[in-house]
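First up is the structure itself, then whatever we jot down about it.
Start at 1 and go down the list; that is how both ligands and their atoms are numbered.
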Amino acid sequence: MTAVDVLVVGAGPAGSTAAERLARHGHSVLVIEEHGRVGYPVQCAGLVSRRVLDLAKAPQVVRRPVHGATVFSPQLKSLSFRAPEPRAFVIDRAGLDIALADRAANAGAAFETETRFDGLVGPPNGSVRAKVTRHGNRPGEIEARIVVGADGVASAVARAFRLRRPVEILPAFEAEFPQSPGDPDLVEVYVGNTISPGLFGWWIPDGAGGARVGVASNADGTPARVYYEHLVAQIGRRFGQPLRNPTGYLVSGIPIGTVPNISGPRIVLVGDAAAQAKPLSGGGIYTGMRAAELAVDVVHEALVDDDLSAARLSRYDESWRREFGEEFDKAQYLRRLFLKFSDTELEAILEALKESGTTETIVAFGDIDFPTHVVRRLLRQSPSLLRLLPKAVGALWGGEGRRAPDLDFVSDRAHQ
Ligand SMILES: Cc1cc2nc3c(=O)[nH]c(=O)nc-3n(C[C@H](O)[C@H](O)[C@H](O)COP(=O)(O)OP(=O)(O)OC[C@H]3O[C@@H](n4cnc5c(N)ncnc54)[C@H](O)[C@@H]3O)c2cc1C
């Protein structure tokens, strides 16, 4: 039986980030990945902030910088904001996963692909014994002092360790269009109850003349593909011509809503397995990678002290909450508010955002990793938005003085 200090389940961005950092600390680390190739199948639109590039140190994965966004109402009224400098980056998502896995392997982590975590042999006691299946049919066991569950939205690890799952998993559907009209500097966001009740649809330039088009919506029983078809029709109306010849469909889910515990005896969860996707956008690459760093700080010292108890590892829950708790709570509150809006109200909110000065505020303070910061500013600034969203005020008013970790453009403007 293989025996290691740390078994990381899942070679996505969160798992490989944790593996690399733990291997650098000198622990023996094994990453298992159920698929045959790290990074595939791609299940992501690949839009990230500069923070991801800084953490990943893999500039080669950038396909295109984007400078802002256009939001479209159900009736195709629009609001655009465009900054002179890049505000987000379209990346080769498979390339990111591969680059992170390479770095982890170079730091000393071992990788086994086509190896699936199936469950535990008995409760964690002195060590963890994980049941795995190799190459589709060969059962095996791996012994580890601790498991890092980085196995994504459906996390078998979370279930095996009896950690509670997120309340909501939004179904998502995306396709790639090798060719598309549209402004390659801006992403497009489509809201509306017939298109994507619960979140939004997106059109993201792929940096090669095409676009990634997808949608995530409430789990209301309607297949995400139905909303995707509505979105593609809407985008066709917006461009005055249909989008043609999609390739590379993906179907997946986005966890929304924090879970009560992201650690327990001999276990920590990171990334989508820990429901760390941002509630207002569903993006989870930055938050998952950062969570992996926070988890590693705690796990490394716990391994050194040989104290892998629930109490010791709960320091990771605390550090996660310190860094992201307030943002996630406020974002969840805003999302619940957003879910109640009719299409008519969404039209009115978009109109209110066109008031003078608001686009400048969005350009100056918009931050895709911490979106509630700009919403708070907009509510202070716009009387008509305040009239439309009175309930948001209480939830967002507090927390003045807390700032997101620096992104150059945000901190520069904030200090002016
Ligand atoms: C349609 C869509 C678009 C998205 N777009 C964006 C975006 O533009 N920007 C953004 O930041 N986020 C986006 N996200 C979210 C983002 O993809 C996730 O938050 C991110 O991938 C989470 O990383 P992770 O490492 O936690 O998990 P994952 O990337 O899901 O990796 C988990 C890994 O674990 C493996 N695995 C699963 N089960 C097992 C098992 N039992 N045994 C072994 N291995 C296993 C999987 O094969 C996978 O490789 C999107 C999500 C969807 C669905």
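G46 counts as a contact of ligand 1, since one of its heavy atoms falls under 4.0 Å from the ligand. Within the 4.0 Å heavy-atom shell around ligand 1 one does not find A277. Remark: distances from the non-hydrogen atoms of P13 to ligand 1 include one below 4.0 Å.
Regarding atom 5 (N) of ligand 1, its nearest protein heavy-atom neighbour is A45 N, 3.0 Å. Considering only non-hydrogen protein atoms, atom 19 (O) of ligand 1 sits nearest to D272 OD1, 2.7 Å. For atom 30 (O) of ligand 1, the nearest protein heavy atom (residue, atom name, distance) is G152 CA, 3.7 Å. Of the protein's non-hydrogen atoms, the one nearest atom 47 (O) of ligand 1 is E33 OE2, 2.6 Å. The protein heavy atom nearest to atom 15 (C) of ligand 1 is G282 O, 3.5 Å. Among protein heavy atoms, atom 42 (N) of ligand 1 sits closest to F117 N, 2.9 Å. For atom 52 (C) of ligand 1, the nearest non-hydrogen atom of the protein is Q43 O, 3.6 Å. Of all protein heavy atoms, the one lying nearest to atom 8 (O) of ligand 1 is L47 N, 2.9 Å.
Close approach of ligand 1 to A172 (heavy-atom distance below 4.0 Å) involves ligand atoms 1 (C), 53 (C). Those atoms of ligand 1 that come under 4.0 Å of a heavy atom in S252, given as number and element, are 53 (C). Heavy-atom proximity to T115, at under 4.0 Å, picks out these atoms of ligand 1: 43 (C). Using a 4.0 Å cut-off to heavy atoms of G271, the atoms of ligand 1 that qualify are 26 (O).
Looking at H35 against ligand 1, only its side chain comes within 4.0 Å, counting heavy atoms. The proximity of D118 to ligand 1, defined as any non-hydrogen pair under 4.0 Å, does not occur for either the backbone or the side chain. Residue contacts with ligand 1 for L250 involve side-chain atoms from C-beta outward but no N, CA, C or O (heavy atoms, distance under 4.0 Å). Residue W202 touches ligand 1 through its side chain alone, judged by heavy-atom distances below 4.0 Å.
Residue G284 has at least one nitrogen or oxygen atom sitting less than 3.5 Å from a nitrogen or oxygen atom of ligand 1, judged on distance alone. At least one N or O atom of E34 sits closer than 3.5 Å to an N or O atom of ligand 1. Ligand 1 has a nitrogen or oxygen under 3.5 angstrom from a nitrogen or oxygen of A14.
The only option from Q332, R377, E327, K330 that meets the side chain to side chain donor-acceptor pair (under 3.5 Å) definition with T372 turns out to be E327. Each of D183, D206, D185 was scored for a salt bridge (charged side-chain N to carboxylate O under 4.0 Å, His left out) with R64, with one residue passing: D185. Between F173 and the options Y249, Y227, W202, a ring pair (Phe, Tyr, Trp, His ring centres under 6.0 Å) holds for only Y249.
Looking at A150, G149, G39, G10, it is A150 that brings a heavy atom closest to atom 32 (C) of ligand 1. Closest heavy-atom approach to atom 11 (O) of ligand 1 within the set V270, I285, V90, I254: this belongs to I285. With atom 16 (C) of ligand 1 as the reference point, the heavy atom nearest to it among Q276, R93, R116 is part of R93. Considering each of D151, V153, V157, the one bringing a non-hydrogen atom nearest atom 37 (C) of ligand 1 is D151.
Ion pair R51/D367 flagged as a salt bridge, since at least one NZ, NE, NH1 or NH2 atom sits closer than 4.0 Å to an Asp/Glu carboxylate oxygen. The pair E293-R290 meets the salt-bridge criterion, since a charged nitrogen lies less than 4.0 angstrom from a carboxylate oxygen. Contact check on E85 versus R50 returns no salt bridge, with no Lys/Arg side-chain nitrogen under 4.0 Å from an Asp/Glu carboxylate oxygen. Ion pairing of E318 with R315 is absent here, as no side-chain N (NZ or NE/NH1/NH2) approaches a carboxylate O to less than 4.0 Å.
Ring pair H27/H25 is tilted by interplanar angle, where 30° to 60° counts as tilted.
Counted by atom type alone, E347 and S73 present one or more donor-acceptor pairs between their side chains at under 3.5 Å. A donor-acceptor contact closer than 3.5 angstrom is absent between the side chains of S217 and S196.
The two residues V38 and A11 make their nearest non-hydrogen contact at CG1-O, 3.8 Å.
Scored by the ring pair (Phe, Tyr, Trp, His ring centres under 6.0 Å) test, Y316 finds no partners at all (sequence neighbours excluded).
In the displayed structure, D305 atom CG is contacted under 6.0 Å by more than 12 heavy atoms of other residues, nucleotides or ligands. At most 12 heavy atoms of other shown residues, nucleotides or ligands fall within 6.0 angstrom of atom CZ in R164.
Listed by first then second residue, pairs satisfying ring pair (Phe, Tyr, Trp, His ring centres under 6.0 Å) with a partner in residues 103-137 number zero, not counting sequence neighbours.
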